[in-house]
**Q** 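Before anything else, here's the structure in question.
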There are 2 protein chains.
Amino acid sequence: MAKVKDSNTEEQILDAAKNVFQTKGMDGARMQEIADVAGINKAMLHYYYKSKQLLFEAVFKNAFSLLAPQLNKVLNDDSSIEDKVKNFTSNYISFIIKHPYLPNFIIQELNRNPDFIKTIQENNTFLNIEKFKQQVALEVSQGILKPTKGDQLFINILALNIFPFVAKPLIKAFTKEDDKGFKALMEQRKTEVSEFIINSIKQH
Amino acid sequence: MAKVKDSNTEEQILDAAKNVFQTKGMDGARMQEIADVAGINKAMLHYYYKSKQLLFEAVFKNAFSLLAPQLNKVLNDDSSIEDKVKNFTSNYISFIIKHPYLPNFIIQELNRNPDFIKTIQENNTFLNIEKFKQQVALEVSQGILKPTKGDQLFINILALNIFPFVAKPLIKAFTKEDDKGFKALMEQRKTEVSEFIINSIKQH
DNA sequence: AATTAGTTTAACCATTTGGTTAACAAAGAT
DNA sequence: ATCTTTGTTAACCAAATGGTTAAACTAATT
């Protein structure tokens, strides 16, 4: 066989590619920069991943497979809507603070190439809102929730949790906060957002 | 002077540039494609706008100047919070249905180059949340609203209104709607969103 | 020691891309 | 009528970019 793969080059490449693609996007990323960040020769990128497109897809799928289980919790979990909202909001915001470029990367690239989501859907059977809608309808009929449309509620949950990170520069400009202040606002949202949602939909 | 400017070339260029930049972004846009869309020679782009960067900035500022007055209404209008929320939600969603690429374009490019917002802020004195925060505090003290933080409320209003358009491919995937179904969901939100917000914050 | 097969590199290549140049055309100024 | 200014085009250019090649290197196998 060959050289001891003590430093897994393939992983280093994927890691460097993740950094560059997630900050610059497919169009803004340069193969040379990825090679530089990985500390290797540009030809190696093509040795392990045939083309820029394939390397990008590896990064994208990797990123999406990190996000999907988070969203899945809201859709296919057995707890009550109220508990789901509380847990998801707190967990998701913690998650994104650890992966700040992730939501914007995914949204940006899905907009650039909307067909891309088809490939994703084949691998992820759970991207389905049906169970969640049924649960909302049930809790409404039980008098736990006010009349509420499941799909709109789901959009609202995503919006309130994801948007602030996607629109970070805009929010920083309006609120005149620096990075520290922005982070504080986001920490506050871990409880604020679920209260906001529950306040609106819970029957009392 | 020169040739009859019966068809204002400069405007045609800006219009073509708007189309291409807003769908492909700065990095994905090609000067040749803009020229083709405008139906002119590539050299003309550089005759009227010195460089790709300057043409891009013209497009961006133009786009932002369209969006800013919409946001300004929420911040510096004299009606009650409840009326603001109702009017803004309905108006904003109508506005975006007319300019579907706008929010994503602005958010994407601000993330690519966060310093860009400084240039914007110099021209727009009104990007300031202070008045809104004071109004919320006042209505809370008057017992009209439940205890509510102005900055978080503003983030929530933006999130609920803007996010669905930014994350359109994701939402279409989850809800399994086509373009028509998506538009119907958005039309529904013109009233749903403001009810959702008012439900949550109004004292009763 | 020689073979073998995976790994790595430097140099190279074709194409794309933003930008420039020089010649030309039309209309107003002199 | 001629000069000048503005608008327009085709051809061109240098740099950047994704990708390739062929040779060199490394370590386990025979």
Side-chain angles (χ1 to χ4, degrees), chain A residues 1-63 105 108-109 112-113 116, chain B residues 1-63 105 108-109 112-113 115-116 119:
Chain A
M1 281 284 172
K3 217 182 214 169
V4 214
K5 294 169 64 183
D6 39 25
S7 59
N8 192 334
T9 308
E10 195 170 343
E11 241 172 71
Q12 273 175 260
I13 292 175
L14 199 64
D15 207 57
K18 204 182 292 183
N19 283 326
V20 177
F21 276 129
Q22 290 193 6
T23 49
K24 314 227 166 153
M26 170 67 172
D27 292 331
R30 294 291 163 253
M31 293 297 266
Q32 187 60 59
E33 186 181 356
I34 295 174
D36 290 346
V37 172
I40 51 155
N41 191 287
K42 187 161 64 92
M44 291 297 282
L45 301 180
H46 293 92
Y47 180 73
Y48 282 100
Y49 301 84
K50 272 187 100 64
S51 66
K52 185 186 184 185
Q53 178 65 25
L54 288 173
L55 178 54
F56 170 79
E57 284 176 23
V59 169
F60 187 88
K61 282 174 187 165
N62 199 292
F105 172 64
Q108 182 178 328
E109 297 302 329
R112 201 177 54 85
N113 182 6
F116 218 58
Chain B
M1 283 279 175
K3 222 177 212 171
V4 213
K5 291 171 62 182
D6 39 25
S7 57
N8 191 334
T9 308
E10 195 170 345
E11 240 173 71
Q12 273 175 258
I13 292 176
L14 200 64
D15 207 56
K18 203 181 292 181
N19 283 326
V20 177
F21 277 129
Q22 289 194 4
T23 48
K24 313 226 167 155
M26 170 67 169
D27 291 331
R30 295 289 162 256
M31 294 297 267
Q32 186 59 60
E33 187 181 355
I34 296 174
D36 290 346
V37 172
I40 52 155
N41 191 288
K42 189 161 63 91
M44 290 299 282
L45 301 180
H46 293 92
Y47 180 74
Y48 283 100
Y49 302 83
K50 269 189 102 64
S51 65
K52 186 185 183 185
Q53 178 64 25
L54 288 174
L55 178 53
F56 170 79
E57 284 175 24
V59 169
F60 187 88
K61 282 174 187 164
N62 199 292
F105 172 65
Q108 182 178 327
E109 297 301 330
R112 202 177 54 84
N113 183 6
D115 290 337
F116 217 60
T119 328

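Because the structure is a prediction, the values reported are computed rather than measured. Order of the sequence lines fixes the chain letters, A, B, ..., with proteins taken first and strands second; residue numbering starts at 1 for each chain.
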**Q** Give a yes/no on whether any side-chain N or O of Thr9(A) is located under 4.0 angstrom from OP1 or OP2 of dT8(C).
**A**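 For dT8(C), OP1/OP2 do have a side-chain N/O of Thr9(A) under 4.0 Å.
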
**Q** Whole Å only: how far is the OH atom of Tyr47(A) from the P atom of dT21(D)?
**A**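 Rounding to the nearest Å, OH of Tyr47(A) and P of dT21(D) are 15 Å apart.
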
**Q** Rounded to the nearest Å, what distance is computed from the CD atom of residue Gln32(A) to the C1' atom of nucleotide dT9(C)?
**A**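 One finds 12 Å between C1' of dT9(C) and CD of Gln32(A), rounded.
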
**Q** Taking all heavy atoms of Glu109(B) and all of Met26(B), pick out the closest pair and write down the distance.
**A**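 What the structure gives for the nearest pair is OE2-N, 3.1 Å.
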
**Q** What is the separation between atom CE on Met44(A) and atom C1' on dC25(D), rounded to the nearest whole Å?
**A**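 Atom-to-atom, Met44(A) to dC25(D), this comes out as 12 Å.
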
**Q** Starting at atom CG of Leu54(A), determine the distance to atom P of dT20(D), rounded to an integer number of angstrom.
**A**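 About 11 Å, once rounded to whole Å.
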
**Q** Side-chain polar contacts of residues 31-39 of chain A - donor-acceptor pairs under 3.5 angstrom, sequence neighbours left out - could you list them?
**A**
unit_1   : atom_1 : unit_2   : atom_2 : d
Gln32(A) : NE2    : Asp36(A) : OD1    : 3.1
Glu33(A) : OE1    : Lys24(A) : NZ     : 3.2
Glu33(A) : OE2    : Lys24(A) : NZ     : 3.3

**Q** Any residue in residues 13-20 of chain B with a heavy atom nearer than 4.0 angstrom to DNA chain C? Just list them by number, or reply none.
**A**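 Those residues: none at all.
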
**Q** Rounded to whole angstroms, how far apart are NE2 on His46(B) and C1' on dG19(C)?
**A**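 My rounded result for the distance is 5 Å.
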
**Q** Rounding to an integer number of Å, can you tell me how far Asn8(B) CG sits from dT6(D) C1'?
**A**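 Whole-Å distance recorded here is 14 Å.
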
**Q** Could you tell me the separation between the CG atom of Asp36(B) and the P atom of dT9(D), rounded to a whole number of Å?
**A**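 Interatomic distance, CG of Asp36(B) to P of dT9(D): 12 Å.
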
**Q** Take nucleotides 10-17 of chain C nucleotide by nucleotide from the 5' end and write B, S or -, depending on whether a protein heavy atom sits under 4.0 Å from the base, only from the sugar-phosphate, or from neither.
**A** B------S

**Q** Answer yes or no: does a side-chain N or O of Tyr48(A) lie under 4.0 Å from OP1 or OP2 of dT8(C)?
**A**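 Yes.
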
**Q** Could you tell me the separation between the CG atom of Leu45(B) and the C1' atom of dG7(D), rounded to a whole number of Å?
**A**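 Rounded to whole Å, this separation is 14 Å.
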
**Q** Mind checking whether Phe56(B) and Phe21(B) have parallel, tilted or perpendicular rings, split at 30° and 60°?
**A**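 Judged by the thresholds at 30° and 60°, the geometry between Phe56(B) and Phe21(B) is perpendicular.
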
**Q** Tell me, do Asp27(B) and Arg112(B) make a side-chain contact under 4.5 Å, heavy atoms counted?
**A**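 A side-chain contact exists here, since the closest heavy-atom pair is under 4.5 Å.
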
